[in-house]
Amino acid sequence: LPKELAVADDLPKSRAASKVRSKSRAGELSIDDFDVGEALGEGSYSTVLEATLRKSGKKYAIKVLDKMHLAKKNKGFTVKIERAALIRLGRQHPGLISLYWTFQDEYSLYFVLDLATNGEMQSLLSRIGSLSLRCSQYYMAQMVDAIGDLKPENLLLDFFYRLKIADFGTAKVLNADFEAERFVGTAQYVAPELVVSNESSESSDLWALGCVLYQMISGRFAFSGLSEYLTLQKVKQVDYTFPEGFDEDAKDLVEKLLVRDPVQRLGSGGPGSLLSMQALRSHTFFNGVDWANLWTDSPPPIE
Ligand code: ATP
């Protein structure tokens, strides 16, 4: 992977200055090296485009951030993005969306990412309602293996319908500064400790995992009120019920994840320590999962 990062460490002072800089980076990719296709989606700070790298014919998703728009929001943003990008370039996992290159021009920052051909898990769930137990087990196993930011909007599906987690999020980086603005829409997966004291830990992902499993199987949110406030009240009180017929093993796993105290959640390694994925993997819900071949075996048919 080309290691060079071309993310700005300052905002455009003048167009002339940034032109000089981009010209001096010999051999660096630019948006002109791609055939840009359709827009795949919009984020609060970005647009994601399908694009083909002309010299290889390989398809990517390119996330485009508008510098001026970002600059209005937060002057220190570029440094944070650069750091996040660096961290992300070093992390490779078949279940994570890879970041290949970053570059910029006068107006935009570009992040070249793995293309998740089949889009969002959230859309799949809206389309077919809920997932079979077999599919739910498959995606839960992939999530446990690649644990990241576990909201269904971040769970993308590749050409083969394997999971690709979009944990590289400029949104995530920027999130801290725009908490209030960005909170909308994610209340359903937010852990009680975030609601009560705005403290999150690795264990908050375990809570989200419980929420996602509940949703895949039942086709509805574990916690959902008429307003965001009421949803958060329910989260705080761990106030949810299972619909009739919810699989018993899945129910037991959800109950062990949706626990108010973060360190008591299945998979928590205790206060301040890393998650203990082995505890999760050994749960009966995962009986029959072939962990060694999780990313190479074909996925179960979507149903
Ligand atoms: P926000 O920035 O507001 O949190 P977001 O994370 O959805 O929103 P983006 O990362 O810009 O914002 O993504 C916008 C949309 O583009 C996503 O909702 C997703 O549907 C689609 N998308 C993002 N990354 C990819 C990808 N690598 N492959 C395919 N589609 C993608």
Side-chain angles (χ1 to χ4, degrees), residues 1 7 31 34-53 58-74 77-78 80-81 84-85 87-89 91-104 107-127 139 142-143 146 148-190 194 200 204-205 208 212 215 228 295:
L1 277 184
V7 176
I31 193 67
F34 294 85
D35 285 325
V36 174
E38 60 172 315
L40 297 164
E42 298 263 335
S44 348
Y45 304 94
S46 50
T47 302
V48 178
L49 307 167
E50 190 179 315
T52 309
L53 180 60
K58 197 176 171 234
K59 285 190 170 178
Y60 296 91
I62 303 189
K63 185 162 175 163
V64 186
L65 288 97
D66 178 69
K67 285 184 182 178
M68 292 318 266
H69 181 56
L70 285 170
K72 274 188 215 134
K73 294 282 177 186
N74 177 359
F77 80 98
T78 43
K80 290 187 193 169
I81 290 176
I87 292 166
R88 195 59 196 82
L89 276 171
R91 265 186 86 198
Q92 295 287 308
H93 187 284
L96 299 179
I97 295 279
S98 289
L99 170 66
Y100 293 93
W101 304 281
T102 68
F103 49 83
Q104 62 177 315
Y107 307 110
S108 309
L109 302 176
Y110 300 89
F111 295 82
V112 183
L113 306 165
D114 270 328
L115 173 65
T117 318
N118 279 300
E120 295 183 11
M121 169 74 79
Q122 187 65 70
S123 317
L124 178 67
L125 285 172
S126 313
R127 218 160 53 232
Y139 289 121
Q142 293 200 327
M143 279 183 259
D149 193 4
L150 301 171
K151 290 174 292 195
E153 300 99 288
N154 290 340
L155 306 178
L156 300 173
L157 303 164
D158 75 4
F159 181 77
F160 300 103
Y161 276 92
R162 282 177 306 228
L163 199 67
K164 282 275 182 198
I165 299 176
D167 86 326
F168 167 74
T170 40
K172 206 173 172 187
V173 182
L174 295 164
N175 220 355
D177 298 297
F178 307 116
E179 205 61 60
E181 204 180 310
R182 297 241 344 114
F183 204 55
V184 186
T186 63
Q188 284 88 357
Y189 312 100
V190 123
L194 271 153
S200 77
S204 310
D205 283 344
V212 173
Q215 190 188 350
E228 182 172 297
W295 302 96

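In each ligand, atom 1 is the first atom listed, and ligand 1 is the first ligand listed.
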Next on the checklist: Looking at Leu109, is its backbone amide N or carbonyl O close enough to the side chain of Lys63 to form a donor-acceptor pair, meaning the two atoms are under 3.5 Å apart?
Outcome noted: no

Next on the checklist: I'd like to know if the side chain of Glu50 and the backbone of Glu38 have a donor-acceptor N/O pair within less than 3.5 Å.
Outcome noted: no

Checklist outcome for this item: Note: Asp114, heavy atoms under 4.0 Å from ligand 1, region reported as backbone

I'd like to check [X] versus [Y] (side-chain heavy atoms, cut-off strictly below 4.5 Å). Are they in contact?
| X | Y | result |
| --- | --- | --- |
| Gln215 | Leu125 | yes |
| Ile62 | Trp101 | no |
| Val112 | Phe34 | yes |

State the atoms of ligand 1, each with its element, that fall below the 4.0 Å cut-off from a heavy-atom position in [X].
| X | answer |
| --- | --- |
| Ser46 | 9 (P), 11 (O), 12 (O) |
| Ile97 | 27 (N) |
| Gly41 | 14 (C), 15 (C), 16 (O) |
| Glu120 | 17 (C), 18 (O), 19 (C), 20 (O) |
| Ala61 | 26 (C), 27 (N), 28 (N) |

Next on the checklist: For Tyr60 and Tyr100, take the angle between the two ring planes, folded into 0 to 90°, and tell me which bin it lands in: parallel under 30, tilted 30 to 60, perpendicular over 60.
Outcome noted: perpendicular

Does [X] reach ligand 1 with a nitrogen or oxygen that is under 3.5 Å from one of the ligand's nitrogen or oxygen atoms?
| X | result |
| --- | --- |
| Thr47 | no |
| Glu42 | no |
| Ala116 | yes |

Checklist outcome for this item: Distance col, row Gln104:CD vs Leu65:CG, nearest 0.5 angstrom, shows 11.5 Å

Next on the checklist: Tell me the nearest of Gly43, Ser123, Ser98, Gly119 to atom 8 (O) of ligand 1, using heavy-atom distances.
Outcome noted: Gly43

Checklist entry - Of Leu40, Asp158, Leu156, Val112, which has the heavy atom at the shortest distance from atom 25 (C) of ligand 1? => result Leu156

Next on the checklist: Quick check: closest heavy atoms across Glu228 and Ala187, and the distance to 0.1 Å?
Outcome noted: CG-CB, 3.8 Å

